[in-house]
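Notes follow the structure.
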Amino acid sequence: RRSQETPTAAVTRIIDKEVKPFIPSADTRLEHGRSREMFIKESPTYGVRTCYSRTCFVGFTDDDLERVKILGAGRDFNPESPKETPRYMEAFPRATRITAEDVEMYEQAKHILQQTDIFWGAHVGRVAYLYAWLNQAEFDILSDERAKPVLKQYCGHLSKMELAILDQES
């Protein structure tokens, strides 16, 4: 959300400006089926316990999304998984430590990206926006800081796919 923007205003702005251009019949019930969740976790930016709030809205469409779907974008995506840092590395304070939980999060993110179909993508300058249907658990995993290396590799994978498609077309 933008500063001082209500959840309802934020979802209305996103639906109108980002979703409706490619799914014209997209709509949401702002008053029905809405849920709100509050949780506390460490801020990735400042490292302090922070209270977060998430509001979910129910949306629907009767458009045929198959026409804009990027089929199997991640099927052959297989990045190398990191290995857990050995215990003796704890003696080196500046060494980056990879825990078993980090490796598990990485594997979960990789699996989600391998199974998820992208419904639409758009380039705005050097930034690409990808849209996919995710459930709450999948969204939480991909939003985790530990999933960032996987997402970065996935973007590189998609760029290679896009280049291959462009090569085939020319």
Side-chain angles (χ1 to χ4, degrees), residues 1 10-11 14-15 17-28 33 35 37 39-45 52-87 89 95-170:
R1 292 187 340 206
V11 79
I14 291 167
I15 294 290
K17 293 195 174 172
E18 295 182 28
V19 178
K20 282 201 176 194
F22 70 95
I23 305 176
S25 72
D27 199 0
T28 185
S35 65
E37 174 188 5
F39 53 96
I40 296 174
K41 71 177 191 175
E42 187 175 297
S43 164
T45 306
Y52 293 92
S53 172
R54 175 186 299 140
T55 305
C56 297
F57 294 87
V58 175
F60 59 92
T61 183
D62 60 3
D63 280 326
D64 177 16
L65 298 179
E66 292 299 315
R67 64 183 170 76
V68 292
K69 192 174 185 181
I70 303 171
L71 292 172
R75 299 293 188 270
D76 58 345
F77 173 63
N78 196 20
E80 188 172 318
S81 298
K83 304 289 185 243
E84 185 178 354
T85 306
R87 293 299 241 190
M89 290 297 288
T96 302
R97 175 148 163 66
I98 298 173
T99 66
E101 292 82 16
D102 295 337
V103 173
E104 177 61 24
M105 179 64 71
Y106 190 98
E107 288 298 321
Q108 289 176 2
K110 179 173 82 171
H111 179 74
I112 291 167
L113 293 171
Q114 288 170 334
Q115 303 303 316
T116 300
D117 287 321
I118 297 171
F119 279 95
W120 189 71
H123 286 279
V124 178
R126 294 181 43 88
V127 177
Y129 295 93
L130 304 174
Y131 294 84
W133 298 122
L134 301 172
N135 64 37
Q136 193 63 57
E138 293 167 337
F139 180 82
D140 290 343
I141 289 168
L142 294 178
S143 298
D144 192 286
E145 284 294 309
R146 296 170 293 182
K148 279 188 177 181
V150 185
L151 289 167
K152 188 173 184 176
Q153 290 181 57
Y154 186 69
C155 291
H157 170 75
L158 292 178
S159 294
K160 289 177 189 169
M161 277 185 57
E162 185 178 78
L163 291 173
I165 291 169
L166 290 174
D167 286 344
Q168 289 175 355
E169 291 175 354
S170 52

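We're numbering straight along the sequence, starting at 1. What's counted below: heavy atoms across the whole structure, side chains too, no hydrogens, waters or symmetry copies.
- Contact between T61 and A26 at its shortest, heavy atoms only, is OG1-N, 3.9 Å.
- Scored by the side chain to side chain donor-acceptor pair (under 3.5 Å) test, E42 finds no partners at all (sequence neighbours excluded).
- Remark: F139 CZ is loosely packed, at most 12 non-hydrogen atoms of other residues, nucleotides or ligands lying under 6.0 Å away.
- Note that OG1 of T116 is 8.5 Å distant from NE2 of H111, once rounded to the nearest 0.5 Å.
- Surrounding NZ of K152 are at most 12 heavy atoms belonging to other residues, nucleotides or ligands under 6.0 Å away.
- Checked by atom type and distance alone, the side chain of D102 pairs as donor or acceptor with a backbone atom of T99 at under 3.5 Å.
- Under the side chain to side chain donor-acceptor pair (under 3.5 Å) criterion, N135 pairs with no residue at all, not counting sequence neighbours.
- Between Q153 and K110, every side-chain heavy-atom pair lies at or beyond the 4.5 Å cut-off.
- Taking all atoms of both residues into account, the shortest heavy-atom contact from Y52 to S43 is OH-CA, 3.5 Å.
- Counting only distance, with no hydrogens or angles, the side chain of Y154 and the backbone of P79 share no donor-acceptor pair below 3.5 Å.
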request  = Kindly determine whether I141 and L134 satisfy side-chain contact (heavy atoms from CB on, under 4.5 Å), including the steps that lead there.
outcome  = CA-CA 10 Å; I141 289 168; L134 301 172; over 6 Å; no
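- Scanning both residues, A147 and M105, for their nearest heavy atoms gives N-CG, 4.5 Å.
- Distance check, rounded to the nearest 0.5 Å: CG of D140 to CD of Q108 gives 11.0 Å.
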Working for side-chain hydrogen bond (donor to acceptor under 3.5 Å, both in side chains), residues H157 and N78:
CA-CA 9 Å; H157 170 75; N78 196 20; over 6 Å; no
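- Taking the side chain to side chain donor-acceptor pair (under 3.5 Å) definition, one finds that E138 meets it with nothing, sequence neighbours left out.
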_The test is side-chain contact (heavy atoms from CB on, under 4.5 Å); show your working for L142 and V150 and say whether it passes._
CA-CA 9 Å; L142 294 178; V150 185; over 6 Å; no
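- Residues passing the salt bridge (charged side-chain N to carboxylate O under 4.0 Å, His left out) test with E37, sequence neighbours excluded: R54.
- Q115 is linked by a side chain to side chain donor-acceptor pair (under 3.5 Å) to nothing, counting only residues two or more places apart in sequence or in another chain.
- Considering only residues two or more places apart in sequence or on other chains, E145 meets the salt bridge (charged side-chain N to carboxylate O under 4.0 Å, His left out) condition with K148.
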